[in-house]
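For reference, the structure discussed in these notes is given below.
Everything numeric in this text was worked out from a predicted model, so none of it was measured.
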Protein chains: 2
Amino acid sequence: MIKILVVDDEPQIARALRINLSAHGYEVATAPDGAQALRAAAALVPDLVVLDLGLPDMDGTEVIAGLRGWTSVPILVLSGRAASAEKIAALDAGADDYVTKPFDIGELLARVRAATRRGNAAGDSPVTEIGSATVDLATREVLRDGAEVRLTKTEWQLLEVLLRNPGKLVGQRELLHRVWGPNYDRETNYLRQYMAQLRRKLEPDPARPVHLLTEPGMGYRFRP
Amino acid sequence: MIKILVVDDEPQIARALRINLSAHGYEVATAPDGAQALRAAAALVPDLVVLDLGLPDMDGTEVIAGLRGWTSVPILVLSGRAASAEKIAALDAGADDYVTKPFDIGELLARVRAATRRGNAAGDSPVTEIGSATVDLATREVLRDGAEVRLTKTEWQLLEVLLRNPGKLVGQRELLHRVWGPNYDRETNYLRQYMAQLRRKLEPDPARPVHLLTEPGMGYRFRP
DNA sequence: ACCGAGTGATCAAGATCCTGGTCGTCGACG
DNA sequence: CGTCGACGACCAGGATCTTGATCACTCGGT
């Protein structure tokens, strides 16, 4: 079942979307503001986010950036503002589509189909092999030698950023920014702490990592 | 370079799109009707198709179906008709986005960026050849004769400045500014030190550099 | 042809920074 | 009240950066 997270502060619209989407076979969750949206997205790992830009607590692009930090889930933006600058800002922040209110529900559903179709067609298998461990980013499960390994929320966020950039070096500034937020740029000790935990849980020999590598002075890298 | 195929039977619009897109660094090809569009797509394998629905020879959805038969290239539909039924038909036929004319060129470019960003996510990175070594600035990797070469942070910064100005002379003042900051204008010995290290790690014969050249009294130059 | 100044290359240390590992505290949650 | 995860501090070992010294080369001037 395809999971959709609807983010809107107006109860009527949220309700209407929920009814229409679930009538077409989607599993729907809703969040009334940006903070709860980010939490819900982390908890549910939806297949699509429908995001209203007029949220009370955060700017729309901030929500998009918060999501894009750790997931490439399709984001479909709803907005009352039709100005091109608004659209460009949202799209460049990482949104996949932009629909202005009032919108035709049939068109919205078609755009939802287009966005979810892409996600499925992209077909990048969400499971990643790390030595003897298997990481499934979609279901948030780690199996190692048949046994399940538990990761905490922070560990997941850190691991996901690395796994979504296979082979690529991710700077420590960027990692801190994406996992802990913009105010933790200097706390590199967090990184060391959690990288060590991830290595203990995933690497065959945590003292000699093969997949979760350190690039001294620069950042970390996941090698498949 | 990202290749875009523009399909439009109106020469003015095709011309305007070509100019705008190539001004933003895309490689543009055009086709005036559906049949030629399908042939061009098969020959060029573009990274994005911008498709006007009002073609003389085929219905727009037929063109989309013809493309979708063998490729999952992103398709961005342009159309003068704003009716929801049209949009739904095009999107369900396999289009990724639908923009109604008249459109804002900035918005179109943003949607182009959004569409290509998705495809390029699993993309390839630009690599530079230095003798027998290959340098990948995106992933921060250097391979030499199949073996991996480790560069330190400062070595990367210095090398990146040179590689981003291929063939161009970069003054020592400028290099020092970019790598060490504004307060190191006179420390040219740093440059010598690290240039020597880079040559040792990258040049076939470090004593006789072929790609990382010294311009006495002025600066350094990377020759591809 | 000789010399000295200026510049660049190379070598060899200390100083400094970074990392990994460990420990202890705090707050949330059951 | 007990447990777990997040947070913060510390230390030792090692890699990196910085600095100084030495030598080779070029280029004017004598």
Open item on the list: With a cut-off of less than 4.0 Å, is there a side-chain N or O of R199(B) near OP1 or OP2 of dA9(C)?
Closed with: yes
Task: Pairwise side-chain contact, D104(B) with K87(A), heavy-atom cut-off 4.5 Å (strictly under) - done: no
Open item on the list: For a quick test of reading the model: is some side-chain N or O of R192(A) closer than 4.0 Å to OP1 or OP2 of dG20(C)?
Closed with: no
Open item on the list: If you only use heavy atoms from C-beta on, which nucleotide in dG20(C), dG5(D), dC23(C) is closest to the side chain of T214(A)?
Closed with: dG20(C)
Open item on the list: Counting the atoms with a prime plus P, OP1 and OP2 as sugar-phosphate, which does Q193(B) contact under 4.0 Å by heavy atoms, base, sugar-phosphate, or nothing?
Closed with: base
Open item on the list: So, does R200(A) get its side chain near the phosphate of dG21(C), meaning an N or O under 4.0 Å from OP1 or OP2?
Closed with: no
TODO: Give one of base, sugar-phosphate or nothing for R208(A), where a contact means two heavy atoms less than 4.0 Å apart.
DONE: nothing
Open item on the list: When you compare the side chains of H177(B) and D185(B), does any donor N or O come within less than 3.5 Å of an acceptor on the partner?
Closed with: yes
Open item on the list: Nearest to the side chain of Y220(A), heavy atoms from C-beta on, is which of dA9(C), dG20(C), dT18(D)?
Closed with: dG20(C)
TODO: Rounded off to whole Å, could you give me the CZ-to-C1' distance for the R150(B) and dC18(C) pair?
DONE: 12 Å
Task: Distance below 4.0 Å between Q172(A) side-chain N/O and dT19(C) OP1 or OP2 - done: yes
TODO: State plainly whether the residues R150(B) and E155(B) are in salt-bridge range, i.e. N to O under 4.0 Å.
DONE: no
